[in-house]
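Here is the structure we will look at, set down as structure tokens.
First the proteins, then the strands, lettered A, B, ... as listed; each starts at 1.
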Amino acid sequence: MIYHLSSIAKVITMEAIETRYRTHTCGQLRGGDVGRTVALAGWVHSYRDHGNLVFIDLRDRDGLTQLVFDPDTCGKANHDEARKLRSEWVIGIRGQVTARGDEALNPKLPTGQIEVRVTDLTVLSISSTPPFVPDEHETVSEDKRLVHRYIDLRRASMQQTLRTRHRVTKLMRDHLSDLGFWEIETPFLTKSTPEGARDFIVPSRLMPGCFYALPQSPQLFKQLLMVSGCDKYMQIVRCFRDEDPRADRQAEFTQLDVEMSFVDRENVIAVTEGLLRRIWKEILGKDLPDPIPHMDYDQAMSQYGSDRPDLRYGMKLHDITDLAQQTDFGVFKSAAMVKTIAVPGGGKLSRKETDALADWAKGLGAKGLAVTKVTAAGLDTGVAKFLAPIAAKLIERSGAGDGDLLCFAADRSRIVHKVLGELRLKMARDLNLAPSSEFAWLWVVNFPLFEFDEEEKRFVSTHHPFTAPLDEDLSKLDSRDRPVVESIKSKAYDIVVNGSEIGGGSIRIHRMDVQQKVFSLLGIDEAAQKQKFGFLLDALHFGAPPHGGIALGLDRLIMILRGTTNIRDVIAFPKTQSGADLMSGAPSAVDDKQLREANIRVVLPPGKPPAAS
RNA sequence: GGGCGCGUAGCUCAAUUGGUUAGAGUACCGGACUGUCGAUCCGGUGGUUGCGGGUUCGAGUCCCGUCGCGCUCGCCA
């Protein structure tokens, strides 16, 4: 696990609130405090027993302070007690802050100019031998960390993450409050929504057989708050989606949810940029581009094969469908689309490695992956012999240079973009092409409003069914012609940094007639509309203002700020890939009484033993 | 639901082609030590090799099943 702690601009220490236990924190004392009598409390981070002198590094969330137990100053009883101290015991001490001698300075610690010569020691709490110690030098498997999360969270990097998370949410509230936003809570026990992810459901005791759903997001409620005249709403809110987790995804996650009335796309974008600019400045000391560039969805897909391109490196996709027709290569001539990317320095890959790439591409649905190497003399190896007639134009169009590897995908556009888009990411990772300390920001705009679901043979919303189409495309909502419907663009926008989508939103539909046309196009009939979204549709009858908003993924934002690729690192009490909390043991069976009250009977799938309660 | 990887001492790991009593570092326990800061030195305790079954003269190692963790595809408006 790598953290770029060095990017944290300054060491932040807290002021201790003076109590009977302490006058200062363990990260607070400096050379200027020499001579003071202080009290400290914290955990024994490490001990070094020299028989006569005993050194203790005392830790709290603020840092480490070295304590010295010298029988001459602390007395024999305290010295004997000090020799018994072990890792993670909780102690309180009193003593004098003294300057360290020149040879005893510790430049690794902010408190390294001083130490505290102890006069009084109180053991506040002893600890069993811990399963692991919360030291950054230790590497501990993640499941052990999750079982004893309260110990893992004592580690400096985890504390730094929790502190960063707090500072970011405070900035969000302060910044948006200053702009006139109100934080308004929305229900967690709510109505199941038909589209989108699988819902977590909660049985109703009072209405047997009925269920609440936990919100996938407060989408409908924040729109209703706009209809309610609240004008500017924000909430830092938990969302729930019952889908399999990933490295950057948990079933419950946190969003900064924002909605505004009487705005257009650029107003929401401006508010979001202002907030992100302030967060990056205050947390990392870095500036964002002003403005953050916009890119059309169509351009992102055709040039990068992704709707969230990582712009820290090149390797653009180049369309060579026309050139491919001039070759005798059957795979190229028969394909609907042929595109290529030039991998810088990829020419050093071995035959074995490029063969492995082809296998990898097959896993993504491609029939294969054609490659050739670019040398000073022209194209060499791989499919070079087929490309001789177009070699010069190919090199010119792709911008490839000596030592690059040209990779080709020939297929339907969806497969071509998927394979080359993923290949871009893989090559950047394998060849280390992405500078880790840079941030490449981007707004992706003009998404298609609908996508055709080949399996269900119907249109589905790209974003969600309340997203407004561009004004110039309104008339196309009456069409059922697939190319026409697919050409409708929406007022949706995603904010992307380094290939990670950290937020997205849209201007919503505020007119009843438009909303009904969209439902109709999605194949949701009037009865279903009324049953699923009746309350929103009702609200649109009673004077809905033009409105729109955005939701930022707080967990992913913190991941980027902290330089981790593991979402569990930025959540205090996260769950595993099977949705378990290894510390509490959730989920677990409940007793029969609880089931009866909830009017629930458990029917296990065949072959599954009942869970232990 | 599918694919890949991992599971050995409290922790992190090793163990040759299947071969003697499963080792090391660290932690822990005992001892020594007045300037350490990942202290040092000496000695010691510590194992259901995730679990169940199988193959074999012999299994940490091979096979089958199962559980857990991770990555990933599907999924995630």
Side-chain angles (χ1 to χ4, degrees), chain A residues 45-58 64-73 79 83-84 86-88 98 100-109 111-112 115 117 128-148 151 193-199 216-217 219-220 239-251 253 360 362-365 418 422 426 447 449-451 453 455 459-467 490 492 501 504 506 518 522 524 551 553 565-566 568 575-578 580 582 605 607-609 611-612:
Chain A
H45 184 69
S46 62
Y47 60 92
R48 296 174 291 280
D49 181 354
H50 287 240
N52 204 348
L53 283 184
V54 176
F55 298 96
I56 299 283
D57 287 341
L58 191 67
L64 293 174
T65 298
Q66 175 165 282
L67 310 179
V68 186
F69 291 85
D70 182 335
D72 294 342
T73 44
H79 183 260
R83 296 192 70 183
K84 293 177 191 157
R86 291 296 179 268
S87 294
E88 303 309 307
T98 54
R100 297 197 189 193
D102 284 346
E103 271 146 48
L105 294 174
N106 186 347
K108 292 182 199 165
L109 294 181
T111 61
E115 61 197 5
R117 295 188 78 84
S128 303
T129 302
F132 57 89
V133 289
D135 190 306
E136 298 301 335
H137 304 111
E138 297 283 321
T139 55
V140 183
S141 62
E142 199 178 4
D143 53 335
K144 305 275 189 325
R145 291 172 52 204
L146 292 175
V147 170
H148 304 279
I151 296 174
T193 47
E195 308 261 317
R198 190 179 297 113
D199 286 320
Q216 297 180 25
S217 80
Q219 182 61 38
L220 298 179
C239 304
F240 306 87
R241 294 178 192 175
D242 188 6
E243 301 291 349
D244 287 9
R246 285 288 185 280
D248 62 350
R249 206 167 86 189
Q250 289 256 305
F253 61 98
W360 169 88
K362 284 175 190 165
L364 293 172
K418 183 176 177 188
E422 290 291 330
K426 181 176 167 60
F447 282 79
L449 188 60
F450 303 104
E451 288 166 314
D453 186 318
E455 275 182 26
F459 291 106
V460 295
S461 293
T462 304
H463 194 58
H464 58 55
F466 318 110
T467 302
S490 78
E501 184 217 314
S506 64
V518 169
L522 289 170
I524 303 174
T565 54
N566 178 351
R568 294 177 298 276
K575 291 179 176 61
T576 67
Q577 278 212 351
S578 51
L582 295 181
K608 287 278 175 188

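- A 3.5 Å limit on both hydrogen-bonding distances identifies B/A32 as the Watson-Crick or G-U partner of B/U40.
- One finds no side-chain N or O of A/Arg100 lying less than 4.0 angstrom from the OP1 or OP2 phosphate oxygen of B/U36.
- Checking the phosphate oxygens (OP1, OP2) of B/A39, a side-chain nitrogen or oxygen of A/Arg48 falls inside 4.0 Å.
- Applying the 5.5 angstrom centroid cut-off and the 30 degree plane-angle cut-off, the aromatic ring of A/Phe132 is not stacked upon the base of B/C11.
- Checking B/C37, B/C69, B/C76 against the side-chain heavy atoms of A/Ala580 singles out B/C69 as nearest.
- Among the heavy atoms of the strands lying under 4.0 Å from A/Leu582 are primed sugar atoms or P, OP1, OP2 only; no base atom is included.
- Out of B/C76, B/U36, B/C73, the shortest distance to the side chain of A/Arg246 is found at B/C73.
- The residue A/Ala247 sits close only to the backbone: its heavy atoms come under 4.0 Å of sugar-phosphate atoms, none of a base.
- Closest approach to the A/Ala197 side chain among B/G35, B/C76, B/U34 is made by B/C76 (side chain taken as heavy atoms from C-beta onward).
- Remark: the separation of the P atoms in B/A59 and B/G44 is 31 Å, to the nearest Å.
- Between A/Lys108 and A/Pro131, the one whose closest nucleotide on RNA chain B sits nearer the 5' end is A/Pro131.
- Residues forming a salt bridge (Lys or Arg N to Asp or Glu O under 4.0 Å) with A/Lys84 (at least two apart in sequence, or on another chain): none.
- Comparing the same atom, C1', in B/A14 and in B/U8 gives a spacing of 9 Å after rounding to whole Å.
- Within the nucleic acid shown, A/Ser217 comes within 4.0 Å of at least one base atom, counting heavy atoms only.
- Listed by chain and number, the residues in a side chain to side chain donor-acceptor pair (under 3.5 Å) with A/Ser578 are A/Thr576 (sequence neighbours excluded).
- Every residue meeting the side chain to side chain donor-acceptor pair (under 3.5 Å) condition with A/Ser46, not counting sequence neighbours, appears here in chain and number order: A/Arg48, A/Asp57.
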Polar atoms only, N or O, under 3.5 Å: list the protein pairs with nucleotides 45-47 of chain B and their distances.
none

When you look at A/Phe55 and A/Val68, which way does the side-chain contact (heavy atoms from CB on, under 4.5 Å) test go after all the steps? CA-CA 5 Å; A/Phe55 298 96; A/Val68 186; 4.0 Å; yes
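- When each of A/Arg568 and A/Arg198 is assigned the nucleotide of RNA chain B bearing its nearest heavy atom, the one mapping closer to the 5' terminus is A/Arg568.
- Within the 4.0 Å cut-off from OP1 or OP2 of B/C71, at least one side-chain nitrogen or oxygen of A/Gln577 is found.
- Contact annotation: A/Thr576 reaches the phosphate of B/C69 (side-chain N/O to OP1 or OP2, under 4.0 Å).
- Counting any heavy atom pair closer than 4.0 Å across all strands shown, A/Lys575 reaches no nucleic acid atom.
- The partner of B/U12 is B/A24, by the rule that a Watson-Crick or G-U pair needs both atom distances under 3.5 Å.
- For the pair A/Trp360 CH2 and B/C71 P, the computed distance is 19 Å after rounding to whole Å.
- Every salt bridge (Lys or Arg N to Asp or Glu O under 4.0 Å) that A/Glu243 has, sequence neighbours left out, goes to A/Arg198.
- Counting only heavy atoms from C-beta on, A/Val140 has its side chain closest to B/U12 among B/G74, B/G35, B/U12.
- Contact between the side-chain N/O atoms of A/Ser141 and the OP1/OP2 oxygens of B/G70 is not found at any separation under 4.0 Å.
- Nucleic acid contact class of A/Asp70 (heavy atoms, under 4.0 Å, all strands): none.
- You cannot call A/His50 stacked on the base of B/G35; the centres under 5.5 Å and planes under 30° rule is not satisfied.
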Kindly give the atom pairs (protein nitrogen or oxygen, nucleotide nitrogen or oxygen) under 3.5 Å for nucleotides 25-30 of chain B.
from  : atom 1 : to      : atom 2 : distance (Å)
B/C28 : OP1    : A/Tyr47 : OH     : 3.3
B/C28 : OP2    : A/Tyr47 : OH     : 3.2
B/C29 : OP2    : A/Arg86 : NE     : 3.0

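- Closest approach to the A/Asp72 side chain among B/C76, B/U34, B/U12 is made by B/U34 (side chain taken as heavy atoms from C-beta onward).
- As judged by a 4.0 angstrom heavy-atom cut-off over every strand, A/Ile56 is placed among residues making no nucleic acid contact.
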